[in-house]
Amino acid sequence: MSGEQMTPATELASRYDPKQVEDEFYQYWMDAKLYQAPIVEGKQPFTIVIPPPNVTGTLHLGHALNNTMIDILIRWKRMQGYPTLYVPGTDHAGLATQIRVEEDLRKSGGPTRHELGREGFLAKTWEWKEKYQGTINGQLRKLGVSVDWSREAFTMDANLSKAVRSFFVQLYNKGLIYQGTRITHWCPKDQTALSDIEVEYEEKDSNLWHFRYPLEDGTGYIEVATTRPETMLGDTAVAVNPEDARYTHLVGKMLRHPATGKLIPIIADGYVEKEFGTGCVKVTPFHDPNDFEMGMRHHLEMPQVIGLKGEITELGGKYAGMDRYECRKRIVADAEAEGWLVKIEPHKHSVGTCARCSTVVEPLISKQWYVKMAPLAAPAAKAVESGEIKIVPERFTKVYLHWMDNIQDWCISRQIWWGHRIPVWYCDDCGKQHAAEVDPTTCPHCGSTKLHQDEDALDTWFSSALWPFSTLGWPDKTKDLDYFYPNDVLITGYDILFFWVARMIFSGIELTEKTPFHTVVLHGLIRDSQGRKMSKSLGNGIDPLDVIDKYGTDALRFMLVTGSTPGNDIRFQMDKVEAARNFANKLWNASRFVLMNLEDWDPADAYPEGDYNLTDRWIRHRFNETVKAVDRLLGEYQYGEAARAIYDFIWSEFCDWYIELVKPRLYNKEDASRGAAQETLAIVLEGTLRLLHPFMPFVTEAIWQKLPAQSKPVEIAPEIAKQAGLTELQPSIAVTPYPEALGAWEDNEAANRMGLLVDSIKALRSIRAEFRLGEHAKIEAILMATTPDSQAILEEGRSFIETLGKTASLTIQAAAEVKPENAATAVLAGIEIYVPVGGLIDIPKEIERLTKEANATEADMTKLKNKLGNEGFLAKAKPEVIEKTREEATAFEEKLTSINARLAMLRKL
RNA sequence: GGUCGCUUAGCUCAGUUGGUAGAGCACGUGCUUUACACGCAUGGGGUCGGGGGUUCGAGUCCCUCAGCGACCACCA
């Protein structure tokens, strides 16, 4: 497979078959240890950590997009010579995984989590983790990502768990972690507390139920509206606005609760809006955040009427034991029967649901662990505000800052088993608690050995927040940490900006006193062909492996980054993948052509400058321009535009023009410039492969390996790989230098001259098609140059026009007085083209066609002339813009003159 | 309620210092041209959502309206 052995190109299949090369080359890269990041003292590294996929399942297209984007950047930087590290790994995904494992146990008829017990269940979950981690890693290999597997991490690895404890203890000892008893979101299905951002709000159609609460003294009643009748069992007051004249006289009086019969006070609280509903709010402190606040302010009792499973508690009297929704129905029915239901109003409101299982969450009071956010958020906001961390696209900066500035304390305890257990121990003797990095044996307060650890586990994001440095060894002072931290760029979907990115930033600053990366690149979500979110319930998810199986990894990668704008969602459509597959095939075949024509080329030969003709200079110039564009665009994270630039160069310039133009020289073994043509083909193709490699790693490697070694950069084994101590260096395009623009290849004159020739050839072809001359009929063409320059260019390009224009006879001359009559015409700036078509020409039709063109040309010309007649334009536009406008106007004018002359002649016929 | 995004060719989308609109797919026509029919050539197709403004000049900047979407906050 080495570059020294050239496979005869004739043996290559005429279709690129990804299956033939992908797995083989991935293994080749692994064997060569190309992606093991070297520590090269004195050299600046480039580091990105993978957003660790959850071990809940398999990768989806979003992961494919994410990893493709990262890998492009990583491969680019590696080829630029940076010691480059791409850290792979997975996330234990506490609650999410626990749910999946429990589901799995249920489906297979196995024991429940509680039957297994904590240890047994965790053992099962580790098995699950092994299985899915294996699947995920296999998928990543298929995606061709150049990660350093020797540094693979998992959030529950020993050292990462150590990092978690270290983080916890540091915050605990600083008083930034505390235990609080307050209202928290509770998922009755998953049986755990949730953080604010794990609750998703859904707008739902519901009702506003109006109930009558009678005054104790029998003098009347107050009307209360609620969206949750079941909570009224826990009412401990009814509140009105203190300035609401309708009710001020009632404040302080007692009500007889219609459902419980208990006496509750009417209180005044500014929270109540006079305009909403009836202006009277029932207060249920245990089950509503706002009511809780009021309960605190007014020292109300806080009875719990809904339990942890969403059931009515014993305090619910006759409703005890019912499900919360059953209870709602019963209460409404009772109210109706007993006459205290006033009305039911349809009402839309948003309902909080569990992000994991979509169950409607129950806000209730419980004792949980919290991180005090204010002191952590301030520096994290500042880092972004000051530009120390840049967010791409920039608009997300505002989203980030708004969240940071309004952040609530973070509930980090979860009533689950799978995850990092909270490192707090309680002493059974003295009752005190402490946090410890290493499991303690004695109580530091009283010396007792009777300790027990907190039962809860930490929110999974508590550990992923440390990912940029925990994967590198933190809290130990490792070489990796020293060298590769801070990371450089963080690339992820905008959907986890708060969950993950924000938390990495504040924890990184808190623990390492550095921002964990300098740039955050956010990408959009992959949607289905109809723009819907891909989801399990819709069944519209697509497995990346299926796409790869059908079209190849490179096609999938290319499709994912093409034709989209940074940060915008992407619609996944198979025909886009197909187009990308076709592109890979196009490149494959162009390369096959090049290789076929290189078999007798001696790469050692050098050629005099004169052997390189206009097309050689032109294609090198165009390649050079493409290199410049790609460099700029990748630097701005504009993957789509960069990919498009390469695509256009390969297809529309190298294949459509250069290869076609070079054929006669290759096929004529006597042609003196044949060697120069072969060399240009080889070198431009080789450079193009390197340019494209980060996007399409497999096909470029497969072709590159077949190119003769001498066409490749001398330094195929880069210094960094050597310094990494890689003994068995295998050649690979992955470690070649990325193309850089060469001043020597810049040639605007060649570009201009080629432009004229291309236009002439296109005009000839157009006439051929329009007049149905037949695809293969050799035609007669007369090209008249209306400027001395254009005549020289046409002469220089004569053979190209003959070949690609398929002319039997080609006359190039200065503009003549007498012009051909029965000829189809095309008029360019500086050139008139005549193709005698004899009886084929339909004079009225030709007059009509030319008249149309004359009108269009005149319109264009007038537009430009008006511009040039505008004093403001002349005074204020940039000189080069004015100059360009002048040239164009002149060109249009010349063209118009030619067309009109032609028309005048035709009309005489 | 607040913030942000989108609205460009039949469809899906590019278009980042403002200088006469592009791609892929689809469509019409012609091609077994010795790299490729996953191809070649050649066409048709757009008042860049509406309105206003800034400017010599606006798809591009500002304001406004409309439709769609996302996120944040919140509603007893």
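By convention in this document, chain letters (A, B, ...) are assigned in the order of the sequence lines, proteins followed by strands, and residues within each chain are numbered from 1.
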Inset, instruction - Please tell me which of D196(A) and Y667(A) maps to the more 5' nucleotide of RNA chain B, matching each residue to the nucleotide holding its nearest heavy atom. - result: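 It is Y667(A) whose nearest nucleotide is closer to the 5' end.
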Legend entry - Nearest-nucleotide comparison on RNA chain B, the residue closer to the 5′ end among T562(A) and W657(A):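 First, find each residue's nearest nucleotide; the 5'-ward one identifies T562(A).
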Using the [atom1] atom as the reference point in each nucleotide, state the distance between [N] and [M] in Å, no decimals.
N	M	atom1	value
rU60(B)	rA14(B)	C1'	14 Å
rG28(B)	rG45(B)	C1'	11 Å
rG59(B)	rU16(B)	C1'	13 Å
rC4(B)	rA76(B)	C1'	30 Å
rU8(B)	rA41(B)	P	29 Å
rU64(B)	rA23(B)	C1'	33 Å
rU17(B)	rC13(B)	C1'	24 Å
rU12(B)	rU33(B)	P	37 Å

Hey, is the side chain of [X] poking within less than 4.0 Å of OP1 or OP2 on [N], counting only N and O atoms?
X	N	result
K663(A)	rU33(B)	no
Y400(A)	rC72(B)	no
R15(A)	rC38(B)	yes
T565(A)	rA14(B)	yes
K533(A)	rA70(B)	no
S766(A)	rG43(B)	yes

Can you sort out the partners of [X] under side-chain contact (heavy atoms from CB on, under 4.5 Å), two or more places apart, ordered by chain and number?
X	value
K884(A)	E888(A)
D244(A)	N241(A), R246(A), Y247(A), K274(A)
S350(A)	Y201(A), E203(A)
A889(A)	L864(A), L868(A)

What nucleotide among [options] has an atom nearest to a side-chain atom of [X]?
X	options	result
D860(A)	rC71(B), rU20(B), rC74(B)	rU20(B)
E641(A)	rA14(B), rA35(B), rA41(B)	rA14(B)
M596(A)	rU16(B), rA35(B), rA14(B)	rA35(B)
R571(A)	rU20(B), rG39(B), rU12(B)	rU12(B)
W651(A)	rC38(B), rA14(B), rG39(B)	rG39(B)
A877(A)	rG19(B), rU42(B), rC36(B)	rG19(B)
S350(A)	rU42(B), rC74(B), rC71(B)	rC74(B)
Y271(A)	rC71(B), rA76(B), rU42(B)	rA76(B)
E273(A)	rA41(B), rA76(B), rG19(B)	rA76(B)
N589(A)	rC40(B), rG19(B), rA35(B)	rA35(B)

Which atoms of nucleotides 2-8 of chain B (N or O only) lie under 3.5 Å from a protein N or O atom, and what are those distances?
from, atom 1, to, atom 2, distance (Å)
rU3(B), O3', K398(A), NZ, 2.9
rC4(B), OP1, K398(A), NZ, 2.6

Would you mind reading off the distance between [X] atom [atom1] and [N] atom [atom2], rounded to a whole angstrom?
X	N	atom1	atom2	result
D648(A)	rG15(B)	CG	P	14 Å
N406(A)	rC72(B)	CG	P	13 Å
F593(A)	rC38(B)	CZ	P	21 Å
F572(A)	rC11(B)	CZ	C1'	17 Å
E770(A)	rU42(B)	CD	P	12 Å
I761(A)	rC40(B)	CD1	P	17 Å
N585(A)	rC40(B)	CG	C1'	14 Å
I659(A)	rG39(B)	CD1	C1'	13 Å

Give a yes-or-no answer on whether the side chains of [X] and [Y] include a donor-acceptor pair shorter than 3.5 Å.
X	Y	result
K390(A)	T397(A)	no
D528(A)	Q573(A)	no
S760(A)	K762(A)	no
Y494(A)	N568(A)	no
H210(A)	E345(A)	yes

Sugar-phosphate, base or nothing in reach of [X], heavy atoms under 4.0 Å:
X	answer
F498(A)	sugar-phosphate
V224(A)	nothing
R581(A)	base
G563(A)	sugar-phosphate
E578(A)	nothing

Inset, instruction - Spell out protein contact along nucleotides 24-32 of chain B as letters: B when the base is contacted, S when just the sugar-phosphate is, - when no protein heavy atom is under 4.0 Å; keep the 5' to 3' order. - result: SS---SBS-
Legend entry - cation_pi(K865(A), F892(A)) dist<6.0 Å, angle<=45: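 The answer is no, since K865(A) fails at least one limit relative to F892(A).
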Inset, instruction - Would you kindly check if the NZ (Lys) or CZ (Arg) of R765(A) is within the cone defined by 45 degrees around the ring axis of W657(A) and under 6.0 Å from the six-membered ring centre? - result: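 Judged by the rule, R765(A) and W657(A) form a cation-pi pair.
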Legend entry - Worked check of ring pair (Phe, Tyr, Trp, His ring centres under 6.0 Å) between Y213(A) and H257(A): CA-CA 6 Å; Y213(A) 282 42; H257(A) 195 284; 4.9 Å; yes
Legend entry - hbond_proxy E660(A) side chain to rA35(B) base (donor-acceptor, 3.5 Å cutoff):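 Answer yes: a donor N or O sits under 3.5 Å from an acceptor.
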Inset, instruction - Identify the nucleotide, in any strand shown, that forms a Watson-Crick or G-U wobble pair with rC71(B), with both distances under 3.5 Å; if there is none, say none. - result: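 Looking at the geometry, rC71(B) pairs with rG2(B).
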Legend entry - Salt-bridge present (D549(A), K19(A); N to O < 4.0 Å):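 The answer is yes: the pair qualifies as a salt bridge.
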Inset, instruction - Look at E362(A) together with R228(A) and state whether they make a salt bridge at an N to O cut-off of under 4.0 Å. - result: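 Here E362(A) pairs with R228(A) in a salt bridge, since their nearest N and O are under 4.0 Å apart.
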